[in-house]
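Down below is the structure, laid out as structure tokens.
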Amino acid sequence: MLEFRNISIYRQNRRVLDDFNLKVQDGTILGLLGSDNGARSMILSAASGSQAPDYGQILLDEVSIYGGKNKIYQKVGYMPQEYGFYDTLRVEEYFELFLSLYKVNGRYRQKRMDEVARLFDFESYMTAFIMELPVEILPFLCLAKTVLHDPEWIFLDEPFAGLSSVQRYDMMKILLILQEQGKSMVVNSQFFPENIDFFTHIAIIEDGKVVMKNTTEDIFELALRKNPVRMHVLAGMDEALGVLKDNALVDRVTVDDNDVIFRFNGGEREEAELLTDLVAAGAFIQNYMRDRVNIEETFRR
């Protein structure tokens, strides 16, 4: 388990993380969302060992990652936003460099390079200079370097930025394979539609704190309930308003011409029952829809 305990980090007299607490269980793919991108990036930088907190502790399996002479760094892989390649190296030389930095011995080194090359379909690129690689390969090369030493935890800072939907899909496919191999992940990312099936959990970060954390499914269900319903009533407005008034799960009802806008705090079954009651009361409903779910906006309210 990865745990942040009362972490505070200051940069340029500004508190980036403010008494920050978070627990991430093994096997999780946690998405960090929210408007506070600086804090989200700092969480990963601190967890990787790059930015020591001013206060608090970061623990991996109950061992401080800043505890001195330990080998926690060998258990984590960190993919920053800036890739930082050595353009004049061949891909195989680049891999060998990082494996030596992580003290991966020579006998296992070639085996691990071959495994990563197969996973990323890099066999044809291994002898190429990095400066010669197609630009669309570079994000995948950075990810390959990140997982080369076979870490247990992977920290990814905006890994999907600038990628096409096809590239995002390809990267997620690789990451899911890594999860099946036992890797745990924390990902700072913008939200894309495909993330809902990728993240197992989501944490919303605002003002250096966690304002919401749960499974992706539960977060979206809660966000859906918080987002208003817009219902177009062709006839029977009084009957519709009467049904809404009598339903304990309905609040904040407003009328805009023939549209009724309200918040509904029930699930799918309760929503179906509400529609049945509206029709039975004599209301003619042409359209009934939720506003588009934006979970970052929803939990910022």
Nearest 0.5 angstrom please: [X] [atom1] to [Y] [atom2], how far?
{"X": "Gln110", "Y": "Glu96", "atom1": "CD", "atom2": "CD", "value": "7.0 Å"}
{"X": "Ser35", "Y": "Arg40", "atom1": "OG", "atom2": "CZ", "value": "8.0 Å"}
{"X": "Met185", "Y": "Leu2", "atom1": "CE", "atom2": "CG", "value": "14.0 Å"}

Would you say that [X] contacts [Y] through its side chain, given a criterion of any heavy-atom pair below 4.5 Å between the two side chains?
{"X": "Asp170", "Y": "Phe120", "value": "no"}
{"X": "Phe199", "Y": "Thr28", "value": "no"}
{"X": "Phe4", "Y": "Leu17", "value": "no"}

Only one of Leu59, Asp61, Leu22 passes side-chain contact (heavy atoms from CB on, under 4.5 Å) with Glu3; say which it is.
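Among Leu59, Asp61, Leu22, the one that satisfies the side-chain contact (heavy atoms from CB on, under 4.5 Å) with Glu3 is Leu59.
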Report the C-alpha distance between Gln81 and Asn37 in whole Å, list the side-chain angles of each, state the deciding distance to 0.1 Å, and finish with yes or no for side-chain contact (heavy atoms from CB on, under 4.5 Å).
CA-CA 12 Å; Gln81 293 186 36; Asn37 190 52; 4.1 Å; yes
Contact summary for Ala47 and Ile58, nearest pair of heavy atoms
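Closest approach of Ala47 to Ile58, heavy atoms only: N-CD1, 4.0 Å.
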Distance-minimising heavy-atom pair for Ala117 and Glu123:
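Ala117 and Glu123 have their closest heavy atoms at O-OE1, 3.5 Å.
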Among Phe129, Tyr125, Phe85, which residue satisfies the ring-ring contact (aromatic ring centres under 6.0 Å, His included) criterion with Tyr94?
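The residue from Phe129, Tyr125, Phe85 that satisfies ring-ring contact (aromatic ring centres under 6.0 Å, His included) with Tyr94 turns out to be Phe85.
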Sidechain-backbone polar pair: [X] side chain, [Y] backbone, donor-acceptor under 3.5 Å:
{"X": "Asp26", "Y": "Met1", "result": "yes"}
{"X": "Asp36", "Y": "Gly208", "result": "yes"}
{"X": "Asp18", "Y": "Lys209", "result": "no"}

By the definition side chain to side chain donor-acceptor pair (under 3.5 Å), identify the one residue from His232, Arg230, Glu271 that meets it with Tyr288.
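It is Glu271, the one option of His232, Arg230, Glu271 that forms the side chain to side chain donor-acceptor pair (under 3.5 Å) with Tyr288.
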Determine whether Lys145 and Tyr83 satisfy the following criterion, side-chain contact (heavy atoms from CB on, under 4.5 Å), listing intermediate values before the conclusion.
CA-CA 10 Å; Lys145 180 269 295 181; Tyr83 299 153; over 6 Å; no
side-chain contact (heavy atoms from CB on, under 4.5 Å) assessment of Leu156 paired with Leu143
CA-CA 8 Å; Leu156 307 165; Leu143 177 58; 3.8 Å; yes
Does Phe98 form a ring pair (Phe, Tyr, Trp, His ring centres under 6.0 Å) with Tyr102? I'd like the steps, not just the answer.
CA-CA 6 Å; Phe98 279 92; Tyr102 282 99; 7.3 Å; no
Any ion pair linking Lys183 and Asp150 (charged N to carboxylate O, less than 4.0 Å)?
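Salt bridge between Asp150 and Lys183, a charged N being under 4.0 Å from a carboxylate O: yes.
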Whether Arg90 and Glu92 form a salt bridge (side-chain N of Lys/Arg under 4.0 Å from carboxylate O of Asp/Glu) is what I want to check.
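So Glu92 does not pair with Arg90 through a salt bridge.
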Determine, stepwise, if the pair Leu274 / Leu249 fulfils side-chain contact (heavy atoms from CB on, under 4.5 Å).
CA-CA 9 Å; Leu274 173 63; Leu249 298 175; over 6 Å; no
